[in-house]
Amino acid sequence: MDVEKSDRAARTRAVQALAGLPCEPGIPKPDPILVADNVVRRFGGLTAVDVKHVEVQRGSITALIGPNGAGKTTFFNLLTGFDAPDEGSWTFNGRSLSGVSAHKVARAGMVRTFQLTKALSKLRVIDNMRLGATGQRGETFWRALLPGTWKQQEAEITARAEDLLTRFKLIAKRDDFAGSLSGGQRKLLEMARALMVQPEMVMLDEPMAGVNPALTQSLLGHVKQLREDGMTVLFVEHDMDMVHDISDWIIVMGQGGVIAEGTPDKVMADPRVIDAYLGAHHDGAVKTVGGEEVDAGDLEESGGVTLIGAVDELSLDDPSGSATSPVSGGDDFKRGPA
Ligand SMILES: Nc1ncnc2c1ncn2[C@@H]1O[C@H](COP(=O)(O)OP(=O)(O)OP(=O)(O)O)[C@@H](O)[C@H]1O
């Protein structure tokens, strides 16, 4: 089967599994790999995350979207052990991972990448990859006492790293310092490094941010390849073209909670989503589409799908009630290359 066909088959499987599900926040999935309940994270008086219930379907590409400050990254940090919740629990493959440290979460098969890449710039690309295998069997104390076994494991890790570098077209950079890579290449390196632990689920935080158009298609292809290889992908992204293009399902966060879920077409036309992004019910919301200023209500009435992608700029009334002020929503409607 050629690549395009096997990608289509993987997508069809995921789409069929989710077909017909009501598009409601917290809707149970037929075969969830991740299930979270009542997850709350507060920062002082601010409740950054308050997710009642959410499930991620195994084998799907699920996007987690929402306006700036909705709680997406904080939720990612909690699920992957980089932060601790005030309340709540979650399971991965039926096993509780609440309160489990990040490296144990990775060993359990759930890895993540970061919005700002964490490649160690003063290490060579290959060493960054090797570090990605942290927590492998060879690192346990008893095995470290057996040099033969350790060496064999080292060789296996290096071979796997080189395979991944080849797949991600970074093999020519094998011995370069990670700091010399472009932003997009760093994103690729981070994704490749995440795969060193042979995960079942990959969580990508804004994979497209800072990636130049030349690498966009390549990154998209790699994300699709993860699904094709049987992995589950949950990704945070503001680039609505990418979200619409590759997602089987979209979960929308707003003010810390899940406000909508569904297939891309349904979610992008959902008034709750348009509302959260565009503040359609805020008096005086002003935005521009194709350079033209339009009224928020018109957008809502027109359905959302093309409009969300077409919004250039968004301003909302200052919550204090003073003059109209720009909000960071501009980012939320970032378009990919035409
Ligand atoms: N360490 C922290 N201390 C205090 N407040 C925080 C902290 N981390 C996040 N917040 C706040 O929690 C809220 C949710 O932030 P978070 O970064 O999770 O949102 P997000 O949806 O990922 O936004 P973006 O799309 O801009 O990355 C925001 O109001 C943010 O200012």
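Positions are given from 1 along the sequence. Start at 1 and go down the list; that is how both ligands and their atoms are numbered. Fair warning: this is a prediction, and the values are worked out from it, not measured in the lab.
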Colleague: Taking everything shown except Lys29 itself, do over 12 heavy atoms lie less than 6.0 Å from its NZ?
Modeller: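 For Lys29, atom NZ is crowded (more than 12 foreign heavy atoms under 6.0 Å).
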Colleague: Using heavy-atom distances only, which candidate in Phe76, Phe75, Phe43 approaches atom 2 (C) of ligand 1 most closely?
Modeller: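 Of the listed residues, Phe43 has the closest heavy atom.
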Colleague: Only heavy atoms of Lys72, strictly under 4.0 Å: list the atoms of ligand 1 that pass.
Modeller: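 Counting atoms of ligand 1 from 1, those under 4.0 Å from Lys72 are 18 (O), 19 (O), 20 (P), 21 (O), 22 (O), 23 (O), 24 (P), 25 (O).
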Colleague: Taking the six-membered ring of Phe82 as reference, does the NZ or CZ atom of Arg112 fall below 6.0 Å from its centre and within a 45° cone about the axis?
Modeller: yes
Colleague: What pairs with Phe177 under ring pair (Phe, Tyr, Trp, His ring centres under 6.0 Å), at least two apart in sequence or on another chain?
Modeller: none
Colleague: Answer with yes or no whether the side chains of Trp249 and Glu261 bring together a donor and an acceptor at under 3.5 Å.
Modeller: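 Yes, a side-chain donor-acceptor pair sits under 3.5 Å.
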Colleague: If we only consider heavy atoms of His238, is any one of them less than 4.0 Å away from an atom in ligand 1?
Modeller: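 Flag set, His238 near ligand 1.
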Colleague: Pull out every atom of ligand 1 sitting under 4.0 Å from any heavy atom of Ala70, numbered as shown with elements.
Modeller: 19 (O), 20 (P), 21 (O)
Colleague: On a heavy-atom basis, I'd like to know which of Asp83, Leu64, Thr73 is closest to atom 17 (O) of ligand 1.
Modeller: Thr73
Colleague: With sequence neighbours left out, which residue pairs that include part of residues 21-46 fulfil the ring pair (Phe, Tyr, Trp, His ring centres under 6.0 Å) condition?
Modeller: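 Every pair satisfying ring pair (Phe, Tyr, Trp, His ring centres under 6.0 Å) with a residue in residues 21-46: there are none.
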Colleague: Under 4.0 Å, counting heavy atoms only: does Gly71 come that close to any atom of ligand 1?
Modeller: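 Contact check Gly71 vs ligand 1: positive.
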Colleague: Judged by non-hydrogen atoms, does Pro67 sit under 4.0 Å from ligand 1?
Modeller: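 Distance cut 4.0 Å: Pro67 passes for ligand 1.
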